[in-house]
Chemist: 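Next up is a structure, given as structure tokens.
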Number of protein chains: 2
Amino acid sequence: MNENTCMGSVCAECSFRSSIFSILNDEQLDQLTINKTFNFAKKNEAIAKQGNPVKGAIFLRVGLAKLTRVNSVGREQIIGIATPNDFVGLLSIFSSKNYNYNIIAIEDCQYCCVDYTFVMDLINANSNFAMTLLEKISQVSDLMMGTRLNLEMRQLRGRVAFILSYLSKEIYKSAKFNLPISRREIAELVDMRVENVVRILSEFRRDNIIRIEGASIEIVEPEKLEWIKMHG
Amino acid sequence: MNENTCMGSVCAECSFRSSIFSILNDEQLDQLTINKTFNFAKKNEAIAKQGNPVKGAIFLRVGLAKLTRVNSVGREQIIGIATPNDFVGLLSIFSSKNYNYNIIAIEDCQYCCVDYTFVMDLINANSNFAMTLLEKISQVSDLMMGTRLNLEMRQLRGRVAFILSYLSKEIYKSAKFNLPISRREIAELVDMRVENVVRILSEFRRDNIIRIEGASIEIVEPEKLEWIKMHG
DNA sequence: TCAACGTATTGTTATTTATCAGTTTTGTTT
DNA sequence: AAACAAAACTGATAAATAACAATACGTTGA
């Protein structure tokens, strides 16, 4: 049977199950099965919308999703990219009744949504679960924060190098990959103008640091890219 | 007796006690008294250092402190400012064995440090405590993240307006206050150059938006400042 | 009190980035 | 296949920011 299917919706048998739930006992896993929904989102479809009430914890199984928000000037800003096995919007559950950003599929996605009150029940019933959740949340926000802080101090060339490196190392774990996002989305992600994204990508290609063929990007000289990433 | 003293170190009687601990029972509060230390930090003194092991949860009672880190280019970057009643470094406790930033007093500070293992014990013993902690952590990181994201999209004038407004509204709750940080620190906080901080402050003064007398700053036209903060 | 140092300030210039305008390419719909 | 729209790209120019240089100011310590 296909690894990509949710096996009869039984969480205990799920190959995607988040490490957070490794702590649960059999009974709790059965409960999880009941209290979660399994969903699909087509590319560009919203998984969650800024301002909408939080229904539960969203666990991304397959596909990439972007976290975005509309800033005060009305410009779309991408906060980060969620990858398979990520709990997205974990912070929102506890800090607010509503999502404070959008979660939008940038590839076809599969995700589970674990009911809000069930999560709360688990916290009460299982202090280990609470602890694991605390760790997870802290790590995720530390990581996000670190990424944003790193981006802030770079100039454009460094930012583009940063996300190319990020996609290659963190997301695809390969020097060659299909760029999942448009130039405009890169611009929104690192807070710059589309024209400059294009220009700098062309520059990297001209300098033989990367190779571009359609949507495919290959990082030819990772060391050079790392240098630019570090030194601007 | 002075509100600023730690009354015989008995947490149950402490007027500064964090809302997090409102959930504890008397016995747990007694335990808290034993498992915390009360400390002072002079201006510019480090309360915690990047890379050092996390000893516990730091609760700021009196004074302001800055959270800083050294970025990859070796430049000091200020992540945020902690105000009285803040738990600083709450994230670090759960995400890492070491602090990933410095906590440095920008005024004379008083703070309590609650032992790491005691916090863990509390989480195990009291699921309400765990829940409150989850909420607190989420709110803090949401807030921080929001602030950084807001800063990213502004240009220099907007960023300076942003922190002036922040100091006035969030920290001093007054139109007139003594600037607690130097021009260089403002620059580090909003990621710009000292010269530009100076220039823009002078510009604001020239335009009669603010008044500067030594370290004292008065916001004369809050509406104009807000406009600049929003529209760059 | 002077020397030394860090901070604040101002002016000038170089560099970086945004904006505008237009063309080409690519993908989608009919 | 044609028509259209969105995305990718390129060049020219304007605006914003950084970098450099020099001076003033204030504090600290000898």
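Just so we're on the same page: letters track the sequence lines, and every chain starts at 1.
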Chemist: Donor-acceptor pair, A:Ser165 side chain versus A:Ala161 backbone, under 3.5 Å?
Modeler: no
Chemist: Should the pair A:Arg183-A:Glu195 be classified as a salt bridge under the 4.0 Å nitrogen-to-oxygen rule?
Modeler: no
Chemist: Can you sort out the partners of B:Lys42 under salt bridge (charged side-chain N to carboxylate O under 4.0 Å, His left out), two or more places apart, ordered by chain and number?
Modeler: B:Asp108
Chemist: Would you mind reading off the distance between B:Ile106 atom CD1 and C:dT7 atom P, rounded to a whole angstrom?
Modeler: 15 Å
Chemist: With a 4.0 Å cutoff (strictly under), does any side-chain N or O of A:Asn196 reach OP1 or OP2 of C:dT16?
Modeler: no
Chemist: What is the distance, rounded to the nearest whole Å, between atom CZ of B:Arg206 and atom P of C:dT10?
Modeler: 8 Å
Chemist: What's the closest nucleotide to the side chain of A:Leu156 if the choices are C:dA18, D:dT10, C:dA8?
Modeler: C:dA18
Chemist: Using whole Å, report how far CD1 of A:Ile200 lies from C1' of D:dC9.
Modeler: 14 Å
Chemist: Can you tell me how far C1' of D:dT17 sits from CZ of B:Arg154, to the nearest Å?
Modeler: 18 Å
Chemist: Distance check needed: D:dA16 P versus B:Asp191 CG, whole Å only.
Modeler: 18 Å
Chemist: Want to settle it: does B:Arg184 or B:Arg199 sit nearer the 5' end of DNA chain C, counting the closest nucleotide to each?
Modeler: B:Arg184
Chemist: Would you list the pairs meeting salt bridge (charged side-chain N to carboxylate O under 4.0 Å, His left out) in which at least one residue belongs to residues 71-95 of chain B, sequence neighbours left out?
Modeler: B:Arg75-B:Asp191
Chemist: Do NZ/NE/NH1/NH2 and the carboxylate oxygens of A:Glu152 and A:Arg159 come within less than 4.0 Å?
Modeler: no
Chemist: Using C1' atoms of five pairs at each end, report the bend of the helix from C:dT1-D:dA30 to C:dT30-D:dA1 rounded to 10 degrees.
Modeler: 40°
Chemist: Using 4.0 Å as the upper bound for N to carboxylate O, is an ion pair formed by A:Glu188 and A:Arg184?
Modeler: yes
Chemist: Between A:Arg157 and A:Glu195, just flag the one whose closest nucleotide in DNA chain C comes earlier from the 5' side.
Modeler: A:Arg157
Chemist: Is there a donor-acceptor pair closer than 3.5 Å between any side-chain N or O of A:Gln110 and the backbone N or O of A:Val62?
Modeler: no
Chemist: For D:dA6 and A:Ser182 - does any side-chain N or O of the residue sit under 4.0 Å from the phosphate oxygens OP1/OP2?
Modeler: no
Chemist: What's the closest nucleotide to the side chain of B:Gln155 if the choices are D:dT17, D:dC9, C:dT17?
Modeler: D:dT17
Chemist: Would you mind reading off the distance between A:Ile212 atom CD1 and D:dA8 atom P, rounded to a whole angstrom?
Modeler: 11 Å
Chemist: Can you measure B:Glu213 atom CD to C:dA8 atom P for me and round it to whole angstrom units?
Modeler: 17 Å
Chemist: Specify the separation, in whole Å, of atom CD of B:Glu152 and atom P of D:dT17.
Modeler: 15 Å
